[in-house]
Visitor: 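This is the structure I have questions about; it appears just below.
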Amino acid sequence: MKRSHSYEIALAAISAALAVAFIVAQAYLPVMTVAVNVMAAMAVNLPFTKDMWKGGVLAYIAASGLGFLIVNIKALPFIMLFGAYSVLMWLLDFKFYQSVTRINKVVKIIIITLVKIGFYMLMFWACYTLMDVVLDTASIFGKTVQLNFYIVWGVCFAVFCLYDPLIRWVFRCERALVDRIIKKK
């Protein structure tokens, strides 16, 4: 089935516009930063649901650029983590896994997992050092606890391990919903 380039560009533009709206919203709603960034990542996934990788990458680049121009450094969680992971997740889980047939299924899963963990470690280190989002202390059950790099890394890694299967499930649901809305030609 041959799709026109205008269809892909239009879907990418709609996706980028939704993502920018969510990026701006997270800048003004600091309590909902993670939730709104996840919604922005879901918006970037719209072209990927129709297997339009150029449109998905275009939507991510446009949303990142416009979001950075509007809210400056507050767009970095989307640019570095949520949006970038959305593109990486589609490339690994839905493109690489299905298109590479010479490699054993278990080996593909190991490769995908190692790449995702490497991405997580790189982005966590970048956020921890470059953005200076260091948590020195936390109050747990009324007691002040001194935190170090490894404690923060471990907690964030546990959250990442929950986020990965959740975002893949959401992508599959989003794909089914988009297929029902946009009829296949």
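Each residue takes its place number in the sequence, starting with 1.
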Visitor: Answer whether the closest heavy-atom distance between the side chains of Lys50 and Tyr7 falls below 4.5 Å.
Guide: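 Yes; the side chains approach each other to less than 4.5 Å.
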Visitor: Answer yes if Ile73 and Phe124 sit in the same cluster of Ile, Leu, Val, Met, Phe, Trp and Tyr residues linked by side chain heavy atoms under 4.5 Å apart, and no otherwise.
Guide: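 Same cluster.
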Visitor: Could you tell me the separation between the CE atom of Met39 and the CG atom of Asn45, rounded to the nearest 0.5 Å?
Guide: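 It is 14.0 Å, given to the nearest 0.5 Å.
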Visitor: I need the Asp51 CG to Gln98 CD distance, nearest 0.5 Å.
Guide: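 Output value for this atom pair is 7.5 Å.
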Visitor: How long is the straight-line distance from CZ of Phe119 back to CE of Met80, given to the nearest 0.5 Å?
Guide: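 If we round to the nearest 0.5 Å, Met80:CE and Phe119:CZ are 8.5 Å apart.
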Visitor: Can you give me the closest heavy-atom contact between Pro47 and Leu11, atom names plus distance?
Guide: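 The answer is CA-CD2, 3.8 Å.
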Visitor: Let me have the donor-acceptor pairs involving side chains of residues 24-36, under 3.5 Å, with sequence neighbours excluded, atom names and distances please.
Guide:
residue	atom	partner	partner atom	Å
Gln26	NE2	Ile23	O	3.3
Gln26	NE2	Lys74	O	2.5
Thr33	OG1	Pro30	O	2.9

Visitor: I need the full list of salt bridge (Lys or Arg N to Asp or Glu O under 4.0 Å) pairs touching residues 58-72, with sequence neighbours left out, sorted by first then second residue.
Guide: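 Listed by first then second residue: nothing to list.
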Visitor: Could you go through residues 52-66 and list every donor-acceptor pair under 3.5 Å that involves a side-chain atom there, pairing it with any protein atom two or more places apart or in another chain?
Guide:
residue	atom	partner	partner atom	Å
Tyr60	OH	Ile79	O	2.6
Ser64	OG	Tyr60	O	2.8

Visitor: Let me check something: do Val155 and Val38 share a hydrophobic cluster, defined by ILVMFWY side-chain heavy atoms less than 4.5 Å apart, either directly or through other members?
Guide: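 No; Val38 is not reachable from Val155 via cluster members.
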Visitor: Measure centre to centre between the rings of Phe171 and Phe94, then say whether the value is under 6.0 Å.
Guide: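 Yes, the ring of Phe171 comes within the 6.0 Å limit of the ring of Phe94, centre to centre.
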Visitor: Holding to side chain to side chain donor-acceptor pair (under 3.5 Å), I want the full list of residues that pass it with Ser99, two or more places apart in sequence or in another chain.
Guide: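 By the side chain to side chain donor-acceptor pair (under 3.5 Å) rule, Ser99 matches no residue at all.
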Visitor: Phe68: which residues meet the ring pair (Phe, Tyr, Trp, His ring centres under 6.0 Å) condition with it, sequence neighbours left out?
Guide: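 By the ring pair (Phe, Tyr, Trp, His ring centres under 6.0 Å) rule, Phe68 matches no residue at all.
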Visitor: For residues Ser86 and Phe48, report the shortest heavy-atom separation together with the two atoms involved.
Guide: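 Closest pair (atom of Ser86, atom of Phe48, distance): O-CE1, 4.4 Å.
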Visitor: Pairs of donor and acceptor atoms involving the side chains of residues 108-115, under 3.5 Å and at least two apart or interchain, shall be tabulated with distances.
Guide:
residue	atom	partner	partner atom	Å
Lys108	NZ	Tyr97	O	2.9
Lys108	NZ	Val100	O	2.8
Thr113	OG1	Ile109	O	2.8

Visitor: CE of Met42 to SG of Cys173: how many Å apart, nearest 0.5 Å?
Guide: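 Going from the CE atom of Met42 to the SG atom of Cys173 covers 9.0 Å.
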Visitor: Which residue pairs satisfy the side-chain hydrogen bond (donor to acceptor under 3.5 Å, both in side chains) criterion with at least one member in residues 158-167, sequence neighbours excluded?
Guide: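 Found Tyr85-Asp164, Lys116-Asp164, Asp164-Arg168.
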Visitor: State the CD1-CH2 distance between Ile167 and Trp169, to the nearest 0.5 angstrom.
Guide: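 That separation rounds to 10.5 Å.
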Visitor: Looking at Ala41 and Phe78, what are the two nearest heavy atoms and their distance?
Guide: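 In this case the closest contact between Ala41 and Phe78 is N-CE1, 3.9 Å.
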Visitor: Mind jotting down which residue pairs meet the side-chain hydrogen bond (donor to acceptor under 3.5 Å, both in side chains) criterion with at least one end in residues 14-25? Sequence neighbours excluded, please.
Guide: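 The answer is none; no pair qualifies.
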Visitor: Show me the pairs that pass salt bridge (Lys or Arg N to Asp or Glu O under 4.0 Å) and involve residues 17-31, at least two apart or across chains.
Guide: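 Listed once each, the pairs would be none.
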Visitor: Spell out, yes or no, whether Leu46 and Ile9 are grouped together once hydrophobic residues are joined by side-chain heavy atoms under 4.5 Å, including indirect joins.
Guide: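 In one cluster with Leu46: Ile9, no.
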Visitor: Who passes side chain to side chain donor-acceptor pair (under 3.5 Å) against Thr49, sequence neighbours left out?
Guide: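 With neighbours one apart ignored, the set is empty.
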Visitor: Name all residues meeting the side-chain contact (heavy atoms from CB on, under 4.5 Å) criterion together with Cys161; count only those two or more places apart in sequence or in a different chain, and write none if there are none.
Guide: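 Result, side-chain contact (heavy atoms from CB on, under 4.5 Å) vs Cys161: Phe157.
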Visitor: Shared ILVMFWY cluster between Tyr120 and Val159, side chains joined below 4.5 angstrom?
Guide: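 In one cluster: no.
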